Amino acid sequence: MKAELLIRRRVAFSDRNFAELVVWRVPEPVPPTEHGFKYRLVYVVNGVRVIGFDNERGKGDHRHDQDAEAPYRFAGVDRLLADFVEAVEAWRRDHGED
């Protein structure tokens with residue numbers, strides 16, 4: 001089985017901020033994860049990542065909140081997307097972007 005692109009989307013909120021979502025179904029889990037997905041979800045403001053969710057090889061599932069990094073419990077693609085949207089909405093609300 002080859003990797004299958006499930007989602008590739010870029011959403012512009014303005015000329016200075018955007019979200020980019022990329023999710024692949026992969027034939028083998030990305031170590032140390034045990035699920036069959038590779039993903040990168042990012043919200044960028046003025047060229048700086050302020051929110052991110054990804055599963056980098058060697059690090060596993062984790063999220064970025066500005067400069068902080070914390071483990072993330074992956075519970076499926078739908079939950080991942082919902083958690084990302086919630087984090088972006090909270091950041092925008094807290095920073096007067098809504």
Side-chain angles (χ1 to χ4, degrees):
M1 170 179 134
K2 290 184 176 181
E4 174 188 4
L5 181 63
L6 301 178
I7 299 168
R8 179 174 298 217
R9 179 168 295 157
R10 184 178 175 118
V11 179
F13 289 85
S14 72
D15 61 347
R16 66 179 199 91
N17 58 20
F18 66 90
E20 188 170 79
L21 301 86
V22 180
V23 180
W24 293 85
R25 182 185 319 272
V26 293
E28 298 286 328
V30 177
T33 65
E34 296 181 3
H35 56 77
F37 298 95
K38 173 71 177 139
Y39 59 89
R40 181 184 77 253
L41 311 177
V42 63
Y43 179 58
V44 175
V45 176
N46 292 326
V48 176
R49 176 191 62 206
V50 296
I51 301 291
F53 289 70
D54 65 284
N55 62 331
E56 182 178 334
R57 182 175 294 277
K59 284 189 171 184
D61 302 303
H62 62 282
R63 67 178 280 174
H64 302 265
D65 292 288
Q66 298 195 299
D67 293 329
E69 186 177 307
Y72 173 72
R73 186 181 161 283
F74 181 85
V77 173
D78 290 341
R79 180 77 257 159
L80 171 68
L81 296 173
D83 290 343
F84 176 70
V85 167
E86 182 180 313
V88 170
E89 288 175 346
W91 191 96
R92 289 176 53 79
R93 185 176 51 252
D94 292 348
H95 292 83
E97 296 286 332
D98 279 345

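If you're wondering where the values come from, they're calculated on a predicted model, not measured in any experiment.
Here Trp24 contributes atom CH2 and Phe37 contributes atom CZ; the two are 13.5 Å apart, rounded to the nearest 0.5 Å. The OG1 atom of Thr33 sits 8.5 Å away from the CZ atom of Arg57 when rounded to the nearest 0.5 Å.
Around atom CZ of Arg16, more than 12 heavy atoms belonging to other residues, nucleotides or ligands sit under 6.0 Å away. Applying the 6.0 Å contact sphere to CG of Asn46 captures more than 12 heavy atoms from other residues, nucleotides or ligands.
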Practice task
Please report the C-alpha distance between Leu41 and Ile51 in whole Å, then the side-chain angles of each, then the deciding distance to 0.1 Å, and finally whether the side-chain contact (heavy atoms from CB on, under 4.5 Å) criterion is met.
Solution key: CA-CA 8 Å; Leu41 311 177; Ile51 301 291; over 6 Å; no
Exercise for the section: Apply side-chain contact (heavy atoms from CB on, under 4.5 Å) to Ile7 and Leu81, showing your working. Expected result: CA-CA 10 Å; Ile7 299 168; Leu81 296 173; 3.8 Å; yes
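Hydrophobic cluster membership is shared by Phe74 and Val88, with clusters built from Ile, Leu, Val, Met, Phe, Trp and Tyr side chains linked at under 4.5 angstrom. Criterion: ILVMFWY side-chain heavy atoms under 4.5 Å apart, direct or through other members. Under it, Phe84 and Phe13 are part of a common hydrophobic cluster. Put simply, Leu21 and Tyr39 are part of the same group of oily side chains (I, L, V, M, F, W, Y) that touch within less than 4.5 Å, one to the next. Residues Val11 and Val85 do not share a hydrophobic cluster, clusters being chains of Ile/Leu/Val/Met/Phe/Trp/Tyr side chains in contact below 4.5 Å. Under a hydrophobic clustering in which Ile, Leu, Val, Met, Phe, Trp and Tyr are joined whenever their side-chain heavy atoms come within less than 4.5 Å, directly or via other members, Phe53 and Val22 fall into different clusters.
There is no side-chain donor-acceptor pair under 3.5 Å between Asn55 and His62.
Inter-residue side-chain proximity for Lys2 and Pro27 is flagged as unmet; no heavy-atom pair is nearer than 4.5 Å.
The cationic group of Arg63 does not satisfy the cation-pi geometry with Tyr72, failing either the under 6.0 Å distance to the six-membered ring centre or the 45° limit from the ring axis.
Of the candidates His64, Arg92, Glu20, Arg92 is the only one forming a side chain to side chain donor-acceptor pair (under 3.5 Å) with Tyr43.
In terms of heavy-atom proximity, Val42 sits nearest to Arg49 at CG2-CG, 3.3 Å. The shortest non-hydrogen separation linking Arg40 to Asp54 is CA-CB, 4.1 Å.
Residues forming a side chain to side chain donor-acceptor pair (under 3.5 Å) with His35 (at least two apart in sequence, or on another chain): Asp61.
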